[in-house]
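To keep things clear, I will list the structure first and then write my remarks on it.
Residue numbers run from 1 in the order of the sequence given. Model, not experiment: these values are computed from the prediction.
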Amino acid sequence: MPPPTGAPRPATGPSGEAAADKRRRIIEAVWRIAAERGLHAASIREVAAEAGVSVRAVQYHFADKHRLLVDALRLLHDENERIARSRIRFDPADPRGLLRDVLDEFLPVDAQRAAALRVFAAYYARSLTDPALAAVFLPDEHPLEEMVAGILAAARDAGRAAPGLDVRLEADLLVSAAVGLGGDVLHGRRSLAQARRALAYRLGTIFLHGDPSEAPRR
């Protein structure tokens, strides 16, 4: 399945829109190749063929292959964040439900998330042997973990989570668990229901009171 499409494009006139559309097609070609065959298969020639453009067009829009891969990764991050924000119900009165929705973004719940997770897995594999790409793929900042820690801290301070909870360590554990479980679901080692049960169990050890309104999800 193709990764998400349909992000807003700048209205720069007919020629500018055509250039933006072509650039977008090239980046989406990188995503499809990475998801289906791995990032090693995303040569300039293969990307051009997948996008239906000339090799020269790829070289015109991207200075080199590294720039192409980096720009494709950054746009995927932006797309995922935009789509996730539209899905997650940000209710500060329900921190457990909020965290559940955040962690769900790391599971292949639908075709879009499954495709995105495959692309990120391909980038991770490449980053192990490509220090320049690793610097982009694995930045020093940890905004997601910090967001999760902030949610946990607010719940703890409000008396809704276990007292003395180390929110930063717990955030690291939750994010790492969700990432690992998402990979297991992609590989077929666990079902989506099993992954969600594992995360729900962990959340149940953090929050002092269960959520009787939470219905099992398939």
Side-chain angles (χ1 to χ4, degrees), residues 73-74 76-110 112-114 116-128 130-131 133-187 189-218:
L73 174 62
R74 285 178 171 156
L76 185 60
H77 273 303
D78 291 344
E79 288 278 86
N80 277 0
E81 181 176 356
R82 177 182 64 83
I83 295 172
R85 286 183 180 277
S86 72
R87 280 192 294 242
I88 295 173
R89 181 174 56 87
F90 284 94
D91 183 0
D94 181 18
R96 183 172 180 171
L98 175 55
L99 284 175
R100 185 182 64 241
D101 288 350
V102 169
L103 297 175
D104 235 23
E105 292 301 314
F106 294 92
L107 304 178
V109 173
D110 51 33
Q112 180 268 320
R113 275 174 276 201
L117 289 173
R118 288 183 181 278
V119 178
F120 283 130
Y123 269 96
Y124 177 76
R126 177 66 175 261
S127 72
L128 294 174
D130 186 337
L133 189 63
V136 179
F137 184 69
L138 300 170
D140 293 334
E141 299 81 12
H142 302 278
L144 178 63
E145 287 84 347
E146 290 175 4
M147 180 184 72
V148 172
I151 297 170
L152 291 171
R156 179 197 59 196
D157 295 344
R160 304 185 64 177
L165 185 71
D166 189 321
V167 297
R168 292 195 173 275
L169 286 179
E170 197 60 59
D172 286 343
L173 288 171
L174 283 171
V175 172
S176 296
V179 171
L181 288 166
D184 279 356
V185 176
L186 280 178
H187 277 291
R189 297 185 67 243
R190 286 184 173 85
S191 68
L192 177 61
Q194 288 172 328
R196 279 173 159 169
R197 279 200 299 272
L199 292 173
Y201 171 81
R202 187 61 195 171
L203 290 175
T205 67
I206 295 171
F207 292 92
L208 296 178
H209 306 290
D211 183 359
S213 67
E214 182 178 282
R217 296 176 298 176
R218 298 181 182 274

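Within 6.0 Å of CZ on Phe137 lie more than 12 heavy atoms contributed by other residues, nucleotides or ligands.
Taking the side-chain hydrogen bond (donor to acceptor under 3.5 Å, both in side chains) definition, one finds that Arg85 meets it with Glu81, sequence neighbours left out. With sequence neighbours excluded, the residues forming a side-chain hydrogen bond (donor to acceptor under 3.5 Å, both in side chains) with Glu170 are Arg202, listed by chain and number. For Tyr123, there are no ring-ring contact (aromatic ring centres under 6.0 Å, His included) partners at least two apart in sequence or on another chain. With sequence neighbours left out, Asp166 forms a side-chain hydrogen bond (donor to acceptor under 3.5 Å, both in side chains) with no residue at all. For Arg118, there are no side-chain hydrogen bond (donor to acceptor under 3.5 Å, both in side chains) partners at least two apart in sequence or on another chain.
Note: Arg197 CZ to Gln194 CD = 5.5 Å, rounded to the nearest 0.5 Å. Leu173 contributes atom CG, which lies 11.0 Å from atom CD of Glu145 (distance to the nearest 0.5 angstrom). How far CG of Leu98 is from CG of Leu103: 9.5 Å, rounded to the nearest 0.5 Å.
A salt bridge does not link Asp104 to Arg87: none of the charged side-chain nitrogens sits closer than 4.0 Å to a carboxylate oxygen. A salt bridge is defined here as a Lys NZ or Arg NE, NH1 or NH2 lying under 4.0 Å from an Asp or Glu carboxylate O, and Arg113 with Glu105 meets this definition.
Across all non-hydrogen atoms, the minimal contact from Asp94 to Arg160 is N-NH1, 4.3 Å. A pairwise comparison of heavy atoms in Leu107 and Ala195 identifies CD2-CB, 4.2 Å as the closest pair. Closest of all the heavy-atom pairs between Ala149 and Ala171 is N-CB, 3.7 Å. Closest approach of Phe120 to His77, counting heavy atoms only: CE2-CE1, 3.6 Å. Between Ser127 and Leu138, the closest heavy-atom pair is OG-CD1, 4.3 Å.
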**Asked** Can you check side-chain contact (heavy atoms from CB on, under 4.5 Å) on Phe106 and Leu144, steps first, answer last?
**Response** CA-CA 11 Å; Phe106 294 92; Leu144 178 63; 2.7 Å; yes
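Contact of the Ile206 side chain with the Leu99 side chain is not registered, since no non-hydrogen atoms from C-beta on lie closer than 4.5 Å. Looking at heavy atoms from C-beta onward, Val175 lies out of side-chain contact with Met147 at the 4.5 angstrom threshold. Considering only heavy atoms from C-beta on, Asn80 comes within 4.5 Å of Gln112 through its side chain. Contact check for Val119 versus Leu73: no side-chain heavy atoms found under the 4.5 Å cut-off.
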Result block: side-chain N/O donor-acceptor pairs under 3.5 angstrom for residues 177-184, not counting sequence neighbours:
residue: Asp184; atom: OD1; partner: Arg189; partner atom: NH1; Å: 2.9
residue: Asp184; atom: OD2; partner: Arg189; partner atom: NH1; Å: 3.1
residue: Asp184; atom: OD2; partner: Arg190; partner atom: NH1; Å: 2.0

